[in-house]
*Asks:* 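Got a structure for you, questions after.
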Amino acid sequence: MINKKVANVTEAMQGVKDDMTLMLGGFGLCGIPENAINNLVKLNVKGLTCISNNAGVDDFGLGLLLHKRQIKKMISSYVGENEEFERQMLSGELEVELVPQGTLVERCRAAQSGFPAFFTPAGYGTEVAEGKEIREFNGKMYVLEKAFEADFAFVKAWKGDAAGNLIFKGTARNFNPAMCGSAKITVAEVEELVPVGSLDPNQIHIPGIFIQRIFQGENYEKRIEQLTVRKRA
Amino acid sequence: MLDKIGIAKRIAQEVQDGYYVNLGIGIPTLVANYVRDDIEVEFQSENGILGMGPFPYEGEEDADLINAGKQTITALPGASFFDSSLSFSMIRGQHVDLTILGAMEVSEEGDIANWKIPGKMVKGMGGAMDLVASAQNIIVAMMHTNKEGESKLLKKCSLPLTGVGCVKKIVTNLAVLEVTEDGFKLLERAPGISVDDIINATEGKLIVEGDIPEMVI
């Protein structure tokens, strides 16, 4: 067993510097690496390029980094629900690259999988395709999209072990698996760091080979963005 | 004239037994409430669930279980969870049978614009571009006209496009229309709406052939 376990978030974040490109898992506020984000706020690293499906809300998730002007550029598919984001974008303080969601995840997965680029039908005929190579396959048009290059990927899982094996829960899986091994260093934080050997190898979603550092996360808030319920009949 | 629920009810009639369906945010989300209960349908949400169920009972909500609109949901028996990459394999790979989404504008050639109003609203396209580029069967749910009373069924879209030549059917508060090579073909009128009302509210080319039946909701 190759041990990936680090003592805490401080150790896990070693080497994070200004002007780096970071990948952050999550969809909305679901499955975001809360410990890593809070530590980025504390480290006060600036000029970051963040690849993340969303940009958090004003006072949680990546919204915390936006608030402190730590982010230079966001690469996302959907950035609603965040007033500070909108203000910084419209004023030109924040650079934004909007990417179709399926393309966004595939650009992560391509980096994970050793593909420099891929063709997708998404965005053909729209401003997303401007300046990109277009090719026809079997009578349909496709856009060439490139793999991301990132310094760190921060992912969050439900359970993990010191070998770096990960299991996700519910829809908190989302972008996290495709970001594992897609950056030079992947840091996984888990709700439960369990003893090696206690996870069933059949049930592991991401094998430890994709992970460089893993730590037991703390104080998860797991905020719900849109609470929708029904009454009992 | 239909309200939003009426539009959702009419679209629900298009959902067939054995369909995997992706519902967009807004009116499309309501469609799930009106699908016949004697057929088997599974709802996919692109953040990573197939077999999406209704909202949870109060107190049973789970922060790790949401839909693409970030609403808390439940998983039905037989449901599965997966990552975003596999989710878009279902979508791009045309394994999803029907996509229902909202639009700001649709052109007579089936182009759709629903993600951006330059200088005003820039929230992003989310999964819409992937959905419209690949789905074999796309139904648009929208109001026939905008708040200013201007037609949303146009010769050419004026807003930035989400996809080209992809919309097959449109259900509005006034009509059901099919997008054909020759333009918008009027299929049904909403209750209390005349063919002339629809002609007046449609800027793009409208094809009216024979008697146009009233919708049965």
Side-chain angles (χ1 to χ4, degrees), chain A residues 27-31 53-55 76-81 86 89-90 96 98-106 108-109 112 120-128 140-143 158 168-178 205-206 220-232, chain B residues 45-49 52 54-75 79 81-92 111-113 115-116 118-134 160-166:
Chain A
F27 187 102
L29 303 177
C30 181
N53 189 51
N54 313 91
S76 303
S77 88
Y78 187 82
V79 293
E81 342 301 351
E86 203 159 6
M89 178 168 62
L90 292 172
V96 179
L98 292 168
V99 179
Q101 199 173 115
T103 300
L104 187 74
V105 69
E106 210 55 25
C108 298
R109 213 188 66 86
Q112 178 189 58
T120 176
Y124 171 71
T126 77
E127 62 183 51
V128 163
K140 189 168 168 157
M141 306 306 278
Y142 294 83
V143 184
W158 178 34
F168 302 91
K169 180 166 166 271
T171 56
R173 194 181 318 186
N174 57 62
F175 277 75
N176 286 297
H205 294 135
I206 287 292
Y220 283 104
E221 180 179 336
K222 296 175 73 166
R223 193 185 292 187
I224 289 172
E225 206 165 332
Q226 304 271 350
L227 177 65
T228 46
V229 294
R230 65 190 150 132
K231 297 244 183 249
R232 283 176 199 280
Chain B
S45 198
E46 64 266 24
N47 59 316
I49 177 172
M52 176 170 50
F55 295 150
Y57 289 118
E58 275 177 292
E60 291 182 1
E61 62 274 7
D62 178 355
D64 291 329
L65 187 42
I66 63 168
N67 63 17
K70 288 112 182 174
Q71 298 171 311
T72 47
I73 51 157
T74 54
F81 300 122
F82 36 85
D83 70 283
S84 302
S85 177
L86 197 61
S87 180
F88 282 92
S89 295
M90 293 175 194
I91 290 165
R92 275 192 314 266
D111 298 348
I112 178 172
W115 74 283
K116 184 177 182 181
K120 262 191 188 169
M121 188 210 80
V122 188
K123 290 181 187 295
M125 66 293 279
M129 285 194 182
D130 308 89
L131 282 158
V132 302
S134 304
L161 294 180
T162 309
V164 292
C166 51

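Sequence lines set the chain letters: A, B, ... in the order given, protein chains first and strands last, and positions in each chain run from 1. These numbers were taken from a predicted model, which means no experiment stands behind them.
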*Asks:* Quick one: does any side-chain atom of B:Asp130 pair with a main-chain N or O of B:Phe88 as donor and acceptor, under 3.5 Å?
*Replies:* no
*Asks:* Compare every heavy atom of A:Pro177 with every heavy atom of A:Phe168, then report the nearest pair and how far apart it is.
*Replies:* CE1-CG, 3.7 Å
*Asks:* Please classify the contact between B:Asn67 and chain A as side chain, backbone, both or neither, with a heavy-atom cut-off of under 4.5 Å.
*Replies:* backbone
*Asks:* B:Ala133, B:Ser84, B:Gly124: which one forms the most heavy-atom pairs within less than 4.5 Å of chain A?
*Replies:*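 Heavy-atom pair counts peak at B:Ser84.
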*Asks:* Going from CE on B:Met129 to OG1 on A:Thr120, what distance comes out if it is rounded to the nearest 0.5 angstrom?
*Replies:* 11.0 Å
*Asks:* Pick one of side chain, backbone, both or neither for A:Val128, based on which atoms fall under 4.5 Å of a heavy atom in chain B.
*Replies:*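 Answer is side chain: those atoms of A:Val128 sit under 4.5 Å from chain B.
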*Asks:* Contact between B:Ile112 and B:Cys166 at the side-chain level, heavy atoms closer than 4.5 Å - yes or no?
*Replies:*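 Yes, close enough: below the 4.5 Å cut-off.
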*Asks:* Spell out, as yes or no, whether a donor-acceptor pair under 3.5 Å connects the side chain of B:Thr72 to the backbone of A:Thr228.
*Replies:*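 Side chain of B:Thr72 to backbone of A:Thr228, a donor-acceptor pair under 3.5 Å: yes, one is there.
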*Asks:* Would you mind checking which part of B:Thr162 comes under 4.5 Å of any heavy atom in chain A, side chain (CB onward), backbone (N, CA, C, O), both or neither?
*Replies:*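 Contact with chain A is through the backbone of B:Thr162 alone.
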*Asks:* Taking every non-hydrogen pair under 4.5 Å, which of A:Lys231, A:Glu127, A:Glu86, A:Arg223 racks up the most with chain B?
*Replies:*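 Looking at each of A:Lys231, A:Glu127, A:Glu86, A:Arg223 in turn, A:Glu127 comes out on top.
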*Asks:* Looking only at atom types and distance, does a side-chain atom of A:Gln101 sit under 3.5 Å from a main-chain N or O of A:Ser77, one as donor and one as acceptor?
*Replies:* no
*Asks:* Measure B:Val122 against the heavy atoms of chain A and call it side chain, backbone, both or neither at under 4.5 Å.
*Replies:*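 Contact with chain A: backbone and side chain both.
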*Asks:* List in chain and number order the residues that pass salt bridge (Lys or Arg N to Asp or Glu O under 4.0 Å) with B:Asp64, two or more places apart in sequence or in another chain; answer none if no residue qualifies.
*Replies:* A:Lys169, A:Lys222
*Asks:* Quick one: of A:Leu90, A:Leu104, A:Thr103, who has the most non-hydrogen atom pairs under 4.5 Å with chain B?
*Replies:*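 Option with the greatest count: A:Thr103.
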*Asks:* Heavy-atom distance under 4.5 Å to chain B: side chain of A:Asn54, backbone, both or neither?
*Replies:*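 When you check distances to chain B, only side chain atoms of A:Asn54 fall under 4.5 Å.
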*Asks:* Has A:Asn174 got a side-chain atom pairing as donor or acceptor with A:Cys30's backbone, closer than 3.5 angstrom?
*Replies:* yes
*Asks:* Give the minimum heavy-atom separation between B:Ala75 and B:Ala79, together with the two atoms involved.
*Replies:* CB-CB, 3.8 Å
*Asks:* Given side chains that start at C-beta, do those of A:Phe27 and A:Arg173 come closer than 4.5 Å, heavy atoms only?
*Replies:*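 No, too far: nothing below the 4.5 Å cut-off.
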*Asks:* Relative to chain A, which segment of B:Glu60 carries a heavy atom at a distance below 4.5 Å: side chain, backbone, both, or neither?
*Replies:* side chain
*Asks:* Below 4.5 Å, heavy atoms only, C-beta onward: do B:Lys123 and A:Tyr78 meet side chain to side chain?
*Replies:*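 Yes - at least one pair of side-chain heavy atoms lies under 4.5 Å apart.
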*Asks:* Do you know which of B:Pro160, B:Gly48, B:Gly127, B:Ala128 has the most heavy-atom pairs under 4.5 Å to chain A?
*Replies:* B:Gly127
*Asks:* Using a cut-off of under 4.5 Å for heavy-atom pairs, which of A:Pro121, A:Ala172, A:Cys108 has the most such pairs with chain B?
*Replies:*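 Of the candidates given, the most pairs with chain B belong to A:Pro121.
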*Asks:* Could you check which of B:Ser134, B:Ala63, B:Gly59, B:Gly165 has the highest count of heavy-atom pairs closer than 4.5 Å to chain A?
*Replies:* B:Ala63
*Asks:* Among A:Val96, A:Leu29, A:Asn53, A:Val99, single out the residue with the greatest number of heavy-atom pairs under 4.5 Å to chain B.
*Replies:*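 Between A:Val96, A:Leu29, A:Asn53, A:Val99, the count favours A:Val99.
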*Asks:* With only heavy atoms counted, which part of A:Met141 is less than 4.5 Å from chain B, the side chain, the backbone, both or neither?
*Replies:*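 The answer is neither part of A:Met141.
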*Asks:* Relative to chain B, which of A:Lys140, A:Arg109, A:Arg232, A:Glu225 shows the most heavy atom pairs under 4.5 Å?
*Replies:* A:Arg232
*Asks:* Measure A:Val229 against the heavy atoms of chain B and call it side chain, backbone, both or neither at under 4.5 Å.
*Replies:* both
*Asks:* Taking salt bridge (Lys or Arg N to Asp or Glu O under 4.0 Å) as the test, write out the residues that go with B:Arg92, two or more places apart.
*Replies:*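 Here the qualifying residues are A:Glu106.
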*Asks:* For the candidates B:Thr74, B:Ile66, B:Leu86, B:Leu65, which exhibits the highest count of non-hydrogen atom pairs separated by less than 4.5 Å from chain A?
*Replies:*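 If we count pairs closer than 4.5 Å to chain A, B:Ile66 comes out on top.
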*Asks:* Need one label for B:Ala68: side chain, backbone, both or neither, based on atoms under 4.5 Å from any heavy atom in chain A.
*Replies:* both
*Asks:* Counting heavy-atom pairs closer than 4.5 Å to chain A, which one of B:Ile73, B:Asp83, B:Leu161 comes out on top?
*Replies:*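 When all of B:Ile73, B:Asp83, B:Leu161 are compared, B:Asp83 has the most.
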